[in-house]
Amino acid sequence: MSWTSNTLLIDLHHEQEQNSLRLRTRNNELETMISELQEKLKLTEIQLDANDQREEQLHSDLEIVKMELFRSEQVTNQLCSKEEHLGRVFEKLNRQEEKLRRLEELTDVSSNDNARLLKLRDRQHEKNIQMDWEIS
């Protein structure tokens, strides 16, 4: 081998070492990037799991709120029904109170008429006694 071919081989060998060094450096950079990306992926998976759990909890809470809303609608309907019933009972009580007032008025009128009639009867009885006495 000649000096030129030796030099070429040395240059080629040196160039290959440089390429190998660049490739190792690039490989290390890529491995670092892969590690960073894997770490980011793990963090993202953890966040996704947490988000899934929050979503499940929110869905569960939403179902509970829906049930409470449904119950409050049943309760509201029951209260409306009871309110209507109490309104009818109140109206009935008002009518009965009015009837009672009229009966009390009639009782007062009857009592007054009775007292007047008793006075008239007593006077008539006195007149009868006086007439009987005058006749005898």
Side-chain angles (χ1 to χ4, degrees):
M1 274 196 161
S2 68
W3 179 78
T4 349
S5 60
N6 257 352
T7 307
L8 283 174
L9 283 174
I10 290 173
D11 286 346
L12 183 61
H13 179 70
H14 183 64
E15 189 178 324
Q16 285 179 343
E17 282 181 347
Q18 290 298 317
N19 282 340
S20 180
L21 183 61
R22 274 194 302 266
L23 286 174
R24 267 189 251 127
T25 303
R26 182 64 181 148
N27 189 37
N28 288 339
E29 289 172 359
L30 289 174
E31 284 180 2
T32 302
M33 288 173 64
I34 287 172
S35 293
E36 290 172 356
L37 288 173
Q38 285 175 337
E39 195 60 35
K40 284 182 183 179
L41 180 62
K42 285 179 187 176
L43 290 174
T44 303
E45 287 174 347
I46 291 170
Q47 288 176 343
L48 284 175
D49 287 343
N51 286 343
D52 286 346
Q53 288 175 355
R54 275 189 293 239
E55 184 180 345
E56 286 177 21
Q57 183 62 45
L58 288 174
H59 182 70
S60 175
D61 292 347
L62 179 62
E63 289 303 313
I64 290 170
V65 168
K66 283 180 181 178
M67 287 190 306
E68 290 298 319
L69 178 62
F70 181 71
R71 281 191 209 125
S72 73
E73 285 174 354
Q74 279 181 331
V75 169
T76 300
N77 290 340
Q78 288 174 351
L79 288 175
C80 287
S81 175
K82 286 182 181 185
E83 184 180 9
E84 288 176 20
H85 177 71
L86 285 175
R88 288 191 298 271
V89 167
F90 185 71
E91 287 175 15
K92 186 176 180 179
L93 284 174
N94 280 340
R95 287 192 302 270
Q96 289 179 348
E97 185 180 25
E98 188 61 35
K99 284 180 185 177
L100 187 61
R101 251 187 257 130
R102 278 186 261 139
L103 286 175
E104 286 174 346
E105 288 173 5
L106 286 175
T107 302
D108 287 346
V109 168
S110 293
S111 293
N112 290 339
D113 284 351
N114 227 4
R116 192 172 42 81
L117 288 174
L118 284 174
K119 284 182 185 178
L120 285 174
R121 188 188 71 169
D122 288 345
R123 275 192 243 145
Q124 186 62 42
H125 183 67
E126 288 174 13
K127 282 183 183 179
N128 286 346
I129 291 175
Q130 191 174 3
M131 283 172 57
D132 281 345
W133 186 76
E134 286 178 6
I135 291 176
S136 41

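The figures that follow rest on heavy atoms only: side chains count, while hydrogens, waters and symmetry mates do not.
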Intermediate values then yes/no, salt bridge (Lys or Arg N to Asp or Glu O under 4.0 Å), Arg101 and Glu97: CA-CA 6 Å; Arg101 251 187 257 130; Glu97 185 180 25; 3.7 Å; yes
Met67, CE: over 12 other non-hydrogen atoms inside 6.0 angstrom: yes
Atom pair CD (Glu105) and CG (Leu100), whose distance is rounded to the nearest 0.5 Å: 10.5 Å
Value rounded to 0.5 Å, distance of SG in Cys80 from CD in Gln78: 10.5 Å
Cationic N near anionic O, under 4.0 Å, Arg95 to Glu98: no
Can I get a per-line list of side-chain donor-acceptor pairs under 3.5 Å for residues 111-125, giving both atom names and the distance, sequence neighbours left out?
| unit_1 | atom_1 | unit_2 | atom_2 | d |
| --- | --- | --- | --- | --- |
| Ser111 | OG | Thr107 | O | 2.9 |
| Asn112 | ND2 | Asp108 | O | 3.3 |
| Asp113 | OD1 | Arg116 | NH2 | 3.3 |
| Gln124 | NE2 | Asn128 | OD1 | 3.3 |

From CA spacing to verdict: salt bridge (Lys or Arg N to Asp or Glu O under 4.0 Å), Arg71, Glu68: CA-CA 5 Å; Arg71 281 191 209 125; Glu68 290 298 319; 2.5 Å; yes
Lys/Arg N to Asp/Glu carboxylate O, Glu29 vs Arg26, below 4.0 Å: yes
Spacing of CG belonging to Leu41 relative to CG belonging to Leu48, to within rounding of 0.5 Å: 9.0 Å
Atom pair CD1 (Ile64) and CD (Gln57), whose distance is rounded to the nearest 0.5 Å: 7.5 Å
Residues His59, Glu55; criterion side chain to side chain contact (heavy atoms under 4.5 Å, CB included); working and verdict: CA-CA 6 Å; His59 182 70; Glu55 184 180 345; 5.6 Å; no
Check: Asn77 main-chain N/O paired with Ser81 side-chain donor or acceptor under 3.5 Å: no
Closest non-hydrogen atom pair between Arg54 and Gln47, with its separation: NH2-O, 4.5 Å
Atom of Asp132, atom of Ser136 and distance for their closest heavy-atom approach: O-OG, 2.7 Å
NE2 on His14 to CG on Asn19, rounded to 0.5 Å: 10.5 Å
His13 and Glu17 side chains, donor-acceptor separation under 3.5 Å: yes
Side-chain donor/acceptor of Thr25 to backbone N/O of Leu21, under 3.5 Å: yes
OG1 on Thr32 to CG on Leu37, rounded to 0.5 Å: 10.5 Å
Lys40/Glu36 salt bridge by N-O under 4.0 Å criterion: no
